[in-house]
Structures are given as structure tokens and as C-alpha cells.
Amino acid sequence: MYMEGCICLYDMHQSGFNQREILFLGPRSSLAMTKLADPMTASDSLPACFSTTFPMNSRSRVSSLLVLAVATSTGAGSDDAWSVFQSMTLRNLITWNSMISGFQLLGLTGCSMSLFVRMHGDGIGFDCATLISVIGSCCESVHSSIGQCRLLHSLAIKAGFVSQPEVATALVKLYATLVSDMDECYRVFIETTDRDIVSWTGIITACAESQPEEALLLFSRLRYHGLIPDRYTFSIVIKACAGLATERHGSALHGLIIRTGFEDDTVLANALMHAYSRCGNIELSERVFNQMRACDIVSWNTMIKAYAMHGQGEEALRVFAAMDVQPDSTTFVSLLCACAHAGLVDQGHELFNAMLERYGIAPRCDHFACMVDILGRAGRLTEAEDLIKQMPVQGDPVVWSALLSACRKHGETEIAERAAQKLIELEPKNSVGYVMMSNIYCENGRYSDAGFIRKEMKDGRTRKVPGLSWIEIGDLVHEFAAGGRRHPEKDAIYAELNGLVGRLKEMGYVPKTSLVLHEIEEQHKEEQLYHHSEKLALAFWLMNATATTSFGCVKIMKNIRICLDCHNFMKVASACIGKKIVVRDANRFHHFRDGVCSCSDYW
DNA sequence: TTAGGGTTAG
């Protein structure tokens with residue numbers, strides 16, 4: 001039984017109270033309570049357990065404890081809680097705070113916030129603890145607005161709490177999650193007095209995903225200030241490393257973790273496995289996984305997902321078979337994803353059915369999206385569309401884009417049009433639907449339809465995400481855009497690329513000009529293809545080949561899916577230069593070696 | 001007695 005946030009009724013006869021009083025258990029005290037199996041039947045054993053694990057003074061000694069409402073998050077518990085709270089004779093700041101944080105723990109963030117409004121209206125006042133809980137609730141609620149965020153911030157300023165590290169850290173998290181406003185996060189962070197390791201971890205967390213380089217910079221600064229990173233700090237910094245185009249930082253951090261004595265920490269090992277696999281080094285993920293003393297569900301899921309991303313479907317299934325814990329919903333997302341990338345249609349089907357029948361896990365939107373992906377990639381587009389129609393809930397953008405992407409792969413336009421329309425309806429500001437549909441038209445020679453879609457996109461002020469590639473040379477990561485001319489060595493790069501294209505053509509590379517999406521001369525079409533960002537990155541690597549042998553292979557990171565022509569190009573190039581080329585695109589890794597790709601051209 | 005930071009998931 002999940003105990004956090006339980007409402008407990010105390011009989012305080014022996015401790016100075018005449019009536020039963022209620023106290024909402026917060027995270028610090030409830031942490032000690034998780035040992036209990038079932039609060040409804042454990043009332044006898046509870047006080048003993050309680051007194052040994054919960055620091056109590058004589059006033060708050062528990063003589064009996066009844067669970068009024070358990071953490072079901074159904075809302076029934078909150079009504080009970082509120083009525084009991086109203087009948088309490090002793091209500092002070094701490095009991096109000098306990099209620100507010102208790103509601104937050106139950107996930108009843110609306111109750112938590114309205115209680116605060118009531119408290120404020122009743123003239124009770126508030127302290128740091130109140131504010132921290134309410135900020136937490138505001139952060140977790142899906143209904144929160146920027147206005148509420150600003151209101152809480154101004155309350156913190158007015159009350160003089162804003163520079164308190166606990167309040168400031170909560171505000172940083174609020175600005176980061178609710179409005180992604182990093183400037184405001186920094187402002188709050190800088191004005192914090194006595195910044196400790198938690199404050200620093202908070203600001204690093206705020207920027208870890210969107211600005212991983214910044215996160216690493218902050219990490220070095222906190223160390224410069226003499227603060228000692230703990231496991232929380234390490235975990236978020238490793239997460240930031242997973243967002244970088246190089247494994248160097250992850251490795252360095254791994255070394256530091258070992259030296260600091262966190263080598264056996266499961267959470268950190270999980271984060272490292274993920275970072276290594278995201279940076280293209282599945283072997284290091286495997287090594288971390290194999291050396292782990294204690295695996296948890298996240299470890300298994302992460303390893304399965306790592307194999308999925310690298311197209312090693314059979315390995316993913318092998319890990320699943322070896323699991324010694326019950327799989328969860330995420331396990332199946334990873335597994336189905338592995339089946340999709342490896343073309344394991346039957347196994348995917350079996351797993352999808354087994355989810356509910358054998359493991360009692362109802363498929364969610366993301367599972368359906370994987371299944372649509374599995375069927376779609378295999379060319380079973382009608383089946384994929386039918387599956388979306390059968391979904392118990394409306395298909396989300398992920399489901400429809402999986403179908404659309406499959407249509408593109410198989411050159412199908414009718415189903416594609418329906419999928420694109422749905423996608424645009426659901427996310428009008430997302431360019432994916434427009435771009436993919438326009439590309440499908442182009443590939444079929446329907447340039448006027450493509451032009452129409454592009455115009456629609458422009459009119460709707462939806463901007464395409466530019467395709468970029470990154471490659472690490474020495475200490476620097478170089479960024480390339482298709483046809484880009486910003487690199488200081490651009491002329492040499494294009495010359496190198498022309499030379500390479502010539503050699504590859506001799507080896508059998510044929511440019512796939514049907515992929516160029518405009519009605520232009522054939523010669524220009526070829527040039528457009530040659531100037532895709534990953535080809536520029538490869539040419540640049542070749543120019544610096546002597547200085548870049550450290551990792552033994554060429555590693556290129558991309559933010560969008562690799563095109564068919566670049567895929568062919570990389571295959572022939574890997575044979576031509578006699579090196580393994582690893583390309584990470586938006587979805588997965590491709591390992592090119594001796595003219596073939598690890599995906600067996602199924603992606 | 002109440003209160004701030006962390007890992008996997010297209």
C-alpha cells in the first residue's frame with residue numbers, strides 16, 4: 001500500500017490534546033512509513049513502527065492511528081480530509097501546511113492550491129514551508145498558468161522569502177517547467193543567498209535538457225565554488241551529457257563518479273547507460289549494465305531501449321527474457337520500439353497482445369504508436385490505420401506521425417493525406433505534418449501539391465526545424481546545415497566532398513535525385529543532395545582524419561531522420577574510407593561498415 | 001510535526 005500523503009487521525013488523550021487531531025503526513029515522515037504493508041490492518045503495529053522511525057516529542061506521541069483516506073488520488077480522500085480538517089480544534093500554521101503538502105503528495109494539486117487561497121483569505125498568513133508546497137503544486141498541476149507562477153513569485157518577494165534557498169529552488173523549477181523561462185530561472189538563482197548544492201542542482205536541472213552545454217558549465221562552476229556534487233547532481237549532469245553530440249563528457253563524469261565513490265549507485269549507472277547509448281557507444285552501456293550490482297526496472301528498460309535505438313532487436317528481446325523483475329509500461333514501449341527498428345513484426349504483435357493478457361498492462365498511446373510504426377514500416381499501412389481507429393482513446397500526434405512516416409517510406413499518398421490532416425489539426429504549429437506531406441508529394445512528382453502545402457505552412461506561420469549535423473574533431477564539436485557556408489573552412493570542405501563523391505560514384509554510388517524536393521535541373525538536384533549536412537560533416541572529418549583517430553570511427557549526430565540518399569552514400573563511404581561510420585538521426589543509430597548498415601536498410 | 005534538487009519512456 002502506498003503510504004505517502006495518508007491522512008492520519010491521532011488520539012491525543014495522553015499527549016495534552018482532548019480531541020482527536022489530524023495531521024497530514026508529509027514526505028519526511030511518510031518516508032518512514034513506507035514499510036507498512038496495509039494501513040487499514042496495520043493500525044496495531046503502526047505506533048511501534050512509527051515511534052521508532054519518526055522523531056517525536058511527547059506532545060505528538062501517537063496512541064492510536066486511523067487511516068482516514070489513503071493515497072488513491074480519487075478525490076474521495078480529499079473530501080474526508082477537508083471535513084476532518086474543518087472540525088479540528090487545533091489548527092495552526094503547521095497543520096495548514098501539512099494539509100497543503102499532503103494534497104500535493106496525493107497529486108490533488110488543485111485542492112492544495114485552493115487551500116492556500118483559503119488560508120490567505122482567512123488571514124492565517126504563510127511561511128516558507130507553505131510557499132514551497134504551493135509552488136510545488138503549481139509546478140505539477142496541468143492547469144497552472146503563467147499568471148499563477150508570477151503571483152507566487154511576487155508573494156515570495158513581498159514576504160521576503162525569495163532569497164531563501166528552498167523557496168528560490170522551488171521557483172526555479174516552477175519557471176523551468178511551466179514557462180521554460182531560463183532568464184527568470186537565472187535571475188531567481190542569482191538572487192539566492194547561501195546557495196547550496198541543492199540550489200545548484202536545481203538550476204542545472206532547469207537547463208539540462210534544453211542547454212546541456214550550459215548545464216556542464218554550471219557543474220564546473222559549482223565545483224569551482226568548493227561545493228561537493230552528490231548523487232542528485234551527478235544524475236542530472238549525466239542526463240545533460242546524453243543530450244550532447246559526444247561521449248567525452250560522459251566518460252569524464254563516469255571517472256569522477258568512480259573517484260567520488262558512487263560507482264555502485266543504481267540511478268547513476270542507469271543515467272550513464274542512457275548517456276553512453278545516446279552518444280553512440282552501446283558497448284559502454286553494456287559494460288555498465290553488466291557490472292551493476294543491483295539492477296532496477298529502469299536499468300532493464302534503459303538497456304532494452306539502448307538496443308532498440310541501435311537497431312539490435314534480438315538483443316533487446318534477449319534482455320527482456322533475462323529480466324528478473326516484473327516489466328512495466330515503459331518496458332513495452334522500449335520493446336515495441338526495438339521490434340519496429342529491427343522489423344520484428346510478429347514478435348511485436350505478440351508482445352503487444354501479451355501486454356494486457358499476460359502482464360495486465362493496458363496499452364497507452366505510445367504503445368499504439370509503436371505498433372503503428374511496426375506495421376507501417378513493414379508496409380501494412382491499412383492495418384496500421386485500422387489500428388488507430390480501434391484505439392480506445394483518440395490518436396495523439398505521435399501515433400499519426402508514425403503512420404505518416406510509414407506512408408512516406410512506402411510512397412503512399414491517400415492514407416498519408418488523412419494522417420497529415422489529423423496531425424496538422426492536432427498540432428498546427430508543428431511543421432512535421434506539412435513537411436512530410438510535401439516531401440511525399442515531391443517524391444511522387446506532384447510539385448504543385450507540394451507547393452500548396454508549403455504555402456499553407458507558411459501562411460500558418462509554422463517554421464520548419466532546420467536539419468543539422470554535428471561532428472566532434474579534437475576538442476570541438478562542429479555544426480553543419482544543409483548547403484551551409486558558415487564554416488570558416490567551407491571551401492576546403494566542399495572541395496573534399498567533391499573528391500569523395502567522385503570516388504564513391506566509381507564504387508557504385510548513384511545519387512537518388514528523386515529525393516530532391518524541387519523542380520530543378522538534374523545537375524542541381526545532385527548538388528543539393530551532396531550538400532546535405534551529414535555529407536559535409538563526413539568531408540570535414542576526412543580533412544582532419546589524422547587528428548581524429550582516437551575513437552576509431554566516424555561519429556555524426558543529426559537532429560532529423562537521415563535521407564535515403566545519405567544512407568546509400570554513407571554505406572559506400574564506409575567501404576571507401578575503410579572506417580566504421582556511426583550516424584545518429586532523430587530516431588536511432590546507423591552503424592555503417594564495409595558497405596552495409598546495421599539497420600539492414602530497414603529504418 | 002510542515003518545506004527545495006535526480007535516472008529509463010516516439
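Lettering of chains follows the sequences in order, A, B, ..., and the numbering in each one begins at 1.
Which of dA3(B), dT7(B), dG5(B) sits closest to the side chain of C128(A) comes down to dA3(B). Considering only the side chain of V333(A), dG10(B) comes nearest among dG4(B), dT2(B), dG10(B). The side chain of A271(A) sits closest to dT7(B) out of dG4(B), dT7(B), dG6(B). Comparing dG4(B), dT7(B), dA3(B) by their closest approach to the side chain of T169(A) singles out dG4(B). Across dT8(B), dT2(B), dT7(B), the shortest atom-to-atom separation from the side chain of V267(A) is found for dT7(B). Nearest to the side chain of I94(A), among dG4(B), dG10(B), dT2(B), sits dT2(B). Minimum atom distance to the side chain of I236(A) is reached by dT7(B), of the listed dT7(B), dG4(B), dT2(B).
Counting to the nearest Å, the C1' atom of dA3(B) and the CG atom of L174(A) are 15 Å from each other. At whole-Å resolution of the value, CD1 in I257(A) and P in dG6(B) are 16 Å apart. Between N97(A) atom CG and dT1(B) atom P the separation is 14 Å, expressed in whole Å. To the nearest angstrom, C1' of dT1(B) lies 17 Å from CH2 of W96(A). Straight-line distance from the CD atom of E427(A) to the C1' atom of dG10(B): 12 Å, rounded to whole Å. Between the CH2 atom of W200(A) and the C1' atom of dG4(B) there is a distance of 16 Å, given to the nearest Å. Spacing between atom CD1 of I197(A) and atom P of dG6(B) amounts to 13 Å, rounded to whole angstrom units. A straight line from CG of D127(A) to C1' of dG4(B) spans 14 Å, rounded to a whole angstrom.
Counting non-hydrogen atoms under 4.0 angstrom, T331(A) reaches nothing in the nucleic acid. Counting non-hydrogen atoms under 4.0 angstrom, D373(A) reaches nothing in the nucleic acid. Looking at heavy-atom distances under 4.0 Å, S334(A) makes no contact with the nucleic acid at all.
Between the side chain of S401(A) and the base of dG10(B), no donor-acceptor pair under 3.5 Å is found. For dG5(B), the base has a donor-acceptor partner in the side chain of T233(A) [N/O atoms by modelled type, under 3.5 angstrom]. Counting distance only, with no hydrogens placed and no angle test, the side-chain atoms of D230(A) and the base atoms of dG5(B) include a donor-acceptor pair under 3.5 Å.
Contact between the side-chain N/O atoms of H341(A) and the OP1/OP2 oxygens of dG10(B) is not found at any separation under 4.0 Å. For dA9(B), the OP1/OP2 oxygens have no side-chain nitrogen or oxygen of K305(A) closer than 4.0 Å. OP1 or OP2 of dA3(B) has not a single side-chain nitrogen or oxygen of S133(A) nearer than 4.0 Å.
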Report the C-alpha distance between V172(A) and T169(A) in whole Å, list the side-chain angles of each, state the deciding distance to 0.1 Å, and finish with yes or no for side chain to side chain contact (heavy atoms under 4.5 Å, CB included).
CA-CA 5 Å; V172(A) 165; T169(A) 308; 5.6 Å; no
Check against side chain to side chain donor-acceptor pair (under 3.5 Å), E286(A) and Y276(A)
CA-CA 9 Å; E286(A) 280 169 337; Y276(A) 280 134; over 6 Å; no
Test side chain to side chain contact (heavy atoms under 4.5 Å, CB included) on I388(A) and K422(A) and set out the steps.
CA-CA 12 Å; I388(A) 300 179; K422(A) 277 282 182 190; over 6 Å; no
Under the criterion side chain to side chain contact (heavy atoms under 4.5 Å, CB included), I'd like the reasoning laid out for K239(A) against H274(A): C-alpha separation, chi angles, the key distance, then a yes or no.
CA-CA 8 Å; K239(A) 186 184 169 146; H274(A) 175 64; 5.7 Å; no
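The 12-atom threshold is exceeded at NZ of K429(A), counting heavy atoms of other residues, nucleotides or ligands nearer than 6.0 Å. Few gaps surround CD on Q148(A); more than 12 heavy atoms of other groups in view lie less than 6.0 Å from it.
The distance from the CE atom of M437(A) to the CG atom of L423(A) is 11.5 Å, given to the nearest 0.5 Å. Atom CG of residue D366(A) and atom CE of residue M371(A) lie 14.0 Å apart, to the nearest 0.5 angstrom.
Each of H310(A), H341(A), H590(A) was scored for a ring pair (Phe, Tyr, Trp, His ring centres under 6.0 Å) with W603(A), with one residue passing: H590(A).
Within a heavy-atom distance below 4.0 Å of DNA chain B, the residues of residues 285-304 of chain A found are V298(A), N301(A), T302(A).
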